[in-house]
Student: 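The structure's right below; bear with me while I get my questions together.
Nothing here was measured: the structure is a model prediction, and the numbers come from that model.
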There are 4 protein chains.
Amino acid sequence: MAGVNKVIILGNLGNDPEIRTMQNGEAVANISVATSESWIDKNTNERREVTEWHRIVFYRRQAEIVGEYLRKGSKVYVEGRLRTRKWQDQNGQDRYTTEIQGDVLQMLDSRSERSMGDYQPSNNYSRANTSNQAPTQTTKTQHDSTDFVGDDIPF
Amino acid sequence: MAGVNKVIILGNLGNDPEIRTMQNGEAVANISVATSESWIDKNTNERREVTEWHRIVFYRRQAEIVGEYLRKGSKVYVEGRLRTRKWQDQNGQDRYTTEIQGDVLQMLDSRSERSMGDYQPSNNYSRANTSNQAPTQTTKTQHDSTDFVGDDIPF
Amino acid sequence: MAGVNKVIILGNLGNDPEIRTMQNGEAVANISVATSESWIDKNTNERREVTEWHRIVFYRRQAEIVGEYLRKGSKVYVEGRLRTRKWQDQNGQDRYTTEIQGDVLQMLDSRSERSMGDYQPSNNYSRANTSNQAPTQTTKTQHDSTDFVGDDIPF
Amino acid sequence: MAGVNKVIILGNLGNDPEIRTMQNGEAVANISVATSESWIDKNTNERREVTEWHRIVFYRRQAEIVGEYLRKGSKVYVEGRLRTRKWQDQNGQDRYTTEIQGDVLQMLDSRSERSMGDYQPSNNYSRANTSNQAPTQTTKTQHDSTDFVGDDIPF
DNA sequence: TTTT
DNA sequence: TTTT
């Protein structure tokens with residue numbers, strides 16, 4: 001047992017979240033978040049920018065919050081860990097997808113911005129939060145080496 | 001321009017570094033670093049562990065240092081950023097590989113450990129460092145938005 | 001030479017920035033940023049919250065940007081390093097103050113929010129940026145161990 | 001509720017840990033960890049180095065692990081959060097001390113290094129771990145906003 | 001493929 | 001696909 005595997009992403013969602021329900025009834029949310037770097041190209045003296053897209057997955061209560069409060073364009077801060085999944089394409093070839101398993105989610109849009117848009121809660125994942133007020137941070141219970149228990153996360 | 005794209009990895013190399021030289025003569029180093037998580041499976045009450053492998057790339061002087069001082073088994077701390085490259089397989093299909101572009105490298109093996117092993121500097125990338133003493137941290141000059149200049153990094 | 005000393009703060013300014021000019025004409029900006037944690041007190045079943053205040057200092061161009069674009073209430077993401085300064089109080093006793101030396105600054109208010117308020121640029125630190133458009137990220141050139149040069153930072 | 005307050009320290013202990021027991025019988029450990037930066041002074045062309053000392057506190061089981069396995073000189077990776085405590089000196093004047101409350105601890109010395117030294121477990125804080133084998137990472141259970149409960153941490 |  |  002060793003190591004640190006930590007990712008910090010701050011950026012905007014490129015699309016509405018995709019929400020699924022696992023066999024056991026728990027929610028899974030996938031979001032795609034953009035970060036970008038820009039610099040001046042010394043040859044052309046022009047500003048250049050490159051955008052990186054990050055696929056992030058949240059589980060359970062955090063997935064519910066994602067589904068409730070995030071939309072295309074939302075700005076978020078995410079802490080998580082890298083996870084590479086192996087799968088097979090239609091030809092039976094091994095393929096790999098790297099994504100970020102989210103551990104901490106912080107919404108960064110002001111309340112006014114959230115309510116300005118065409119905000120329409122479109123799912124029923126809200127369980128504990130019956131008010132119309134978004135939590136702005138959720139921290140997943142992390143696993144202590146002594147009390148973490150295997151769950152249904154498929155990795 | 002927006003966002004934060006940061007990765008922190010602390011783990012051990014699974015293999016010796018792979019060192020290449022770019023067309024312009026600059027060095028590129030690839031390393032594969034393992035991190036692992038472990039927990040107690042509450043169903044079986046057994047300890048379980050999952051290992052994650054991270055592909056990390058360093059350029060220029062940092063690549064040289066990687067080639068000089070790191071070996072299979074070396075423990076390192078790395079700060080970097082995620083970068084997904086698109087490429088085509090032999091069938092012309094789009095494929096994606098996510099790797100970490102290293103910005104900060106800190107070697108964590110004690111000097112005694114470095115010298116205990118079958119340490120054999122096997123390349124000639126050392127330029128500025130003629131002593132036999134490994135630097136233990138290297139921080140790449142980061143690009144200020146005003147002075148970063150396009151270079152030959154292929155992304 | 002060894003180690004990692006990194007701080008990540010995301011929060012809101014409690015006051016307008018304090019801007020000073022050093023003897024050599026370079027700008028210094030101090031900001032005070034709040035972060036808070038909240039939880040349910042299991043004894044009283046009430047929500048409790050504790051706020052932590054972080055004193056952060058920026059130099060030179062970043063200090064200018066702070067002075068231009070940040071105000072009381074602004075939300076910021078900051079990466080920096082801890083620095084404890086020793087000083088003497090009026091009784092000649094040693095006193096210590098820990099602050100964060102900012103390396104990366106990311107403004108998180110939307111443009112509309114920035115322009116909505118009683119925004120009044122009140123200083124003349126802007127040098128390179130003559131447009132009215134705020135940069136949203138600034139990354140200070142970091143020092144490579146080989147090319148960092150002593151400057152006038154008093155620590 | 002808002003914000004991120006995160007510190008990452010990688011360095012060596014300047015002294016053996018100080019271990020105390022709280023009124024409720026739980027352990028508290030204080031360690032002092034050094035990080036250093038070095039650079040070339042462009043005026044004198046000499047190498048300069050500045051060392052920063054970080055006071056870090058761990059509670060409960062992590063405090064026990066600190067007491068068992070860390071010693072002066074040990075190399076550690078710590079993730080935690082900043083916390084400034086107010087207290088009064090003998091003259092009744094307000095004083096402030098900033099320390100890092102540790103959340104994650106990773107020991108970075110190899111087993112051989114740990115056993116090579118004059119290692120003498122000198123306390124009885126070990127509860128769950130009866131083997132002589134050090135865990136190398138411990139992650140404190142973090143508080144979900146819904147399930148964190150007030151404890152006796154004095155802040 | 002590492003390490004514990 | 002976002003944002004600036």
Student: Can you check whether any acceptor in the base of F/dT2 is under 3.5 Å from a donor in the side chain of A/Ser74, or vice versa?
Tutor: no

Student: When you check the gap from the basic side-chain N to the acidic O, do A/Glu18 and A/Arg20 get nearer than 4.0 Å?
Tutor: no

Student: Rounded to the nearest Å, what distance is computed from the CD atom of residue A/Glu49 to the P atom of nucleotide F/dT2?
Tutor: 12 Å

Student: Between A/Glu52 and B/Arg83, is there a side-chain N and carboxylate O pair less than 4.0 Å apart?
Tutor: no

Student: Between atom CG in A/Leu13 and atom P in F/dT1, what is the gap in whole Å?
Tutor: 15 Å

Student: Where the side chain of B/Asn15 is defined as all heavy atoms beyond and including C-beta, which of F/dT1, E/dT1, E/dT2 is the nearest nucleotide?
Tutor: E/dT1

Student: If I take atom CD1 in residue B/Ile31 and atom P in nucleotide E/dT1, what distance separates them, rounded to the nearest angstrom?
Tutor: 18 Å

Student: Spell out yes or no: do the side chain of B/Asn12 and the base of E/dT3 have one donor N/O and one acceptor N/O closer than 3.5 Å?
Tutor: no

Student: I'd like to check the side chain to side chain donor-acceptor pair (under 3.5 Å) partners of B/Thr97; sequence neighbours left out, ordered by chain and number.
Tutor: B/Trp87

Student: Just compare E/dT1, F/dT3, E/dT3 and give me whichever is closest to any side-chain atom of A/Ser36.
Tutor: F/dT3

Student: Taking B/Gln62 for its side chain and B/Asp103 for its backbone only, find out whether a donor-acceptor pair lies under 3.5 Å.
Tutor: yes

Student: Name all residues meeting the side chain to side chain contact (heavy atoms under 4.5 Å, CB included) criterion together with A/Gln93; count only those two or more places apart in sequence or in a different chain, and write none if there are none.
Tutor: A/Asp89, B/Asp89, B/Gln90, B/Asn91, B/Arg95

Student: What is the distance, to the nearest angstrom, from the CG atom on A/Asp16 to the P atom on F/dT2?
Tutor: 11 Å

Student: Should B/Trp53 be counted as stacked on E/dT1, where stacking needs a ring-centre gap under 5.5 Å and an angle between planes under 30 degrees?
Tutor: yes

Student: What is the distance from CG of A/Asn30 to P of F/dT1, rounded to the nearest Å?
Tutor: 18 Å

Student: Just the rounded figure in Å: distance from C1' of F/dT3 to CG of C/Leu108.
Tutor: 12 Å

Student: Using whole Å, report how far CG of A/Leu70 lies from C1' of F/dT2.
Tutor: 13 Å

Student: Among F/dT3, E/dT1, F/dT1, which nucleotide sits nearest the side chain of B/Lys72?
Tutor: E/dT1

Student: Assign A/Gly11 to base, sugar-phosphate, or nothing according to its heavy-atom contacts below 4.0 angstrom with the strands shown.
Tutor: nothing

Student: Between the base of F/dT2 and the side chain of A/Ser32, is one N or O donor paired with an acceptor at under 3.5 angstrom?
Tutor: no

Student: What's the CZ-C1' distance between B/Arg47 and E/dT3, to the nearest Å?
Tutor: 11 Å

